[in-house]
There are 2 protein chains.
Amino acid sequence: MNVDAQKPMTENRSEICLEQCFHPETVERVSGFMASREDLLAVAELFKALGDGSRMSILNALLCSELCVCDLTMILKMTQSAVSHQLRVLRGAKIVKSRKEGKNVYYSLDDPHIAMLIETGFEHVREERGGGDV
Amino acid sequence: MNVDAQKPMTENRSEICLEQCFHPETVERVSGFMASREDLLAVAELFKALGDGSRMSILNALLCSELCVCDLTMILKMTQSAVSHQLRVLRGAKIVKSRKEGKNVYYSLDDPHIAMLIETGFEHVREERGGGDV
DNA sequence: TTAACATATGAACAAAGGCTCATATGAATG
DNA sequence: CATTCATATGAGCCTTTGTTCATATGTTAA
């Protein structure tokens, strides 16, 4: 989470890479192609929220069924507090949504993209271990 | 990255959730559905590696073209050292691959899943900001 | 209202992560 | 071989993050 990048590039150039080393047109073209800083950060935040073992376990469970916090606590064998804290992160990232029913709060995946991301992730790591390439 | 969960659940049950609160069949069913701990951690690691602004910028650039470290340094206006460190993380996560040519090392996305993940991520955040739902 | 329970949250602490600086490695060139 | 340049890496520093513990909030039932 930096992407600051707003320092004068003139100075940068002299320290790091003398003018002959890089490919100016490529750099130009790719620079033009880059997503907005805002989008980049948003996507990074999304993946960061997916990038934790506990949260991935929660999501894996929610992939199967809507669940209340207590169920999750049982399934993941984690503290209720830890589960709640992680659900907060997931809620903040709009990865899960919640629904209140009496004393219970039921969580589920927020939208189909999320399920797709998670499933693609699993595919990727399984193939990687399995064969090497596809 | 915890997912330890190997403490005796008997004790857990009495502390956290008395027997009447949860849905035993659901818990049972979902527990059976869960991916292996190994896969969960691998996926979490994958997303964690994607979950950083600097790395997402690198990947966004690589989505467009194969690039050497120096090009990336220019495009992202980051230190060469910082870029190299992040490329190491990406390499370790098998998200990018590298190819050496003379003094330069060229990086590119490792496989199509990666591009798909990133693009789905962008779609998600754009739709989220744009409309609210699809 | 009081008690019991499900969930949320704040503080504190330990661990992980990203950046910079300095330096190492390894290739090309004189 | 010595130099130069592209890239990689280790150490140190500071920030972020995940967990636990204690407690707050809010809902249902007695």
Side-chain angles (χ1 to χ4, degrees), chain A residues 1-5 7 12-23 41 44-45 47-58 67-74 76-93 96 98-107, chain B residues 1-5 7 12-23 41 44-45 47-58 67-74 76-93 96 98-107:
Chain A
M1 213 209 306
N2 98 330
V3 196
D4 281 274
K7 21 179 165 170
N12 234 0
R13 197 178 51 190
S14 55
E15 297 168 27
I16 297 171
C17 229
L18 306 190
E19 289 110 50
Q20 72 274 14
C21 92
F22 61 92
H23 313 77
L41 287 182
E45 285 308 307
F47 285 123
K48 185 182 301 180
L50 296 172
D52 171 79
S54 303
R55 289 194 293 273
M56 189 49 62
S57 301
I58 291 176
L67 293 166
C68 72
V69 178
C70 186
D71 291 342
L72 283 167
T73 299
M74 296 268 90
L76 307 179
K77 304 189 187 72
M78 286 173 61
T79 309
Q80 176 269 322
S81 179
V83 172
S84 264
H85 278 298
Q86 297 300 12
L87 284 170
R88 194 158 109 101
V89 174
L90 292 171
R91 236 186 305 127
V96 303
S98 62
R99 173 177 76 77
K100 197 160 193 171
E101 188 180 308
K103 281 187 291 192
N104 292 331
V105 178
Y106 289 87
Y107 282 88
Chain B
M1 213 209 309
N2 97 332
V3 197
D4 279 275
K7 21 180 165 168
N12 235 359
R13 196 177 53 189
S14 56
E15 297 169 28
I16 297 171
C17 230
L18 306 191
E19 288 113 50
Q20 73 274 13
C21 93
F22 61 91
H23 313 77
L41 288 181
E45 286 307 306
F47 285 123
K48 185 182 300 180
L50 296 172
D52 171 81
S54 303
R55 289 194 292 272
M56 190 48 63
S57 302
I58 292 176
L67 294 164
C68 71
V69 178
C70 187
D71 291 343
L72 282 167
T73 300
M74 299 267 88
L76 306 180
K77 304 189 186 71
M78 285 173 63
T79 309
Q80 177 269 322
S81 179
V83 172
S84 263
H85 276 298
Q86 298 299 12
L87 284 170
R88 194 157 109 101
V89 174
L90 293 170
R91 235 185 307 126
V96 302
S98 62
R99 172 176 76 78
K100 198 160 194 174
E101 187 179 311
K103 279 187 292 192
N104 292 331
V105 178
Y106 290 88
Y107 281 88

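Chain A is the first sequence line, chain B the second, and so forth, proteins listed ahead of strands; every chain is numbered from 1. Hydrogens, waters and symmetry mates play no part in the numbers below; they use all other heavy atoms, side chains included.
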Keeping B/R55 on the side-chain end and B/A49 on the backbone end, is there a donor-acceptor pair under 3.5 Å? yes
Below 3.5 Å between N/O atoms, which protein atoms pair up with nucleotides 21-30 of chain D? Just atom names and distances, please.
{"from": "D/dC21", "atom 1": "N4", "to": "A/S81", "atom 2": "OG", "distance (Å)": "2.6"}

Just the rounded figure in Å: distance from [atom2] of [N] to [atom1] of [X].
X: A/L50; N: D/dG18; atom1: CG; atom2: P; value: 12 Å
X: A/K48; N: C/dA16; atom1: NZ; atom2: C1'; value: 12 Å
X: B/F47; N: C/dG17; atom1: CZ; atom2: C1'; value: 19 Å
X: A/M78; N: C/dA8; atom1: CE; atom2: C1'; value: 14 Å
X: B/N104; N: C/dA27; atom1: CG; atom2: C1'; value: 10 Å
X: B/L76; N: C/dT20; atom1: CG; atom2: P; value: 12 Å
X: B/D71; N: D/dC5; atom1: CG; atom2: C1'; value: 15 Å
X: A/R99; N: C/dT7; atom1: CZ; atom2: P; value: 12 Å

Quick one: bend of the helix from C/dT1-D/dA30 to C/dG30-D/dC1 from 5 pairs per end, to 10°?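 Rounded value for the end-axis angle: 20°.
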Interatomic distance, B/L50 atom CG to B/E45 atom CD [nearest 0.5 angstrom]: 11.0 Å
Quick one: are B/L72 and B/L87 in side-chain contact, heavy atoms under 4.5 Å?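 Answer yes - side chains close enough.
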Hey, does A/S84 have a side-chain heavy atom less than 4.5 Å from the side chain of A/V69?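 Contact flag for A/V69/A/S84 side chains = yes.
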Would one find a side-chain N or O of B/Q86 under 4.0 angstrom from OP1 or OP2 of C/dC19?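 Yes, B/Q86 has a side-chain N/O under 4.0 Å of OP1/OP2 on C/dC19.
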Using a cut-off of less than 4.0 Å, is there contact between a side-chain N or O of A/R55 and OP1 or OP2 of D/dG18? yes
Hey, does A/Y107 reach any base, or is it just sugar-phosphate, or nothing, if we go heavy atoms under 4.0 Å?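 Since only primed, P, OP1 and OP2 atoms lie under 4.0 Å of A/Y107, the category is sugar-phosphate.
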For [X] versus [Y], what's the shortest heavy-atom pair and its separation?
X: A/M78; Y: A/T73; value: O-CG2, 3.0 Å
X: B/G51; Y: A/K48; value: O-CE, 3.2 Å
X: B/L76; Y: B/S54; value: CD1-O, 4.4 Å

Once you measure the plane-to-plane angle for A/F47 and B/F47, does it fall in the parallel (<30°), tilted (30-60°) or perpendicular (>60°) bin? parallel
If the condition is side-chain contact (heavy atoms from CB on, under 4.5 Å), which residues does A/R91 pass it with, not counting sequence neighbours?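 So A/R91 forms a side-chain contact (heavy atoms from CB on, under 4.5 Å) with A/R88, A/V96, A/S98, A/Y107.
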Can you tell which of C/dT9, C/dA6, D/dT9 lies closest to the side chain of A/R91? C/dT9
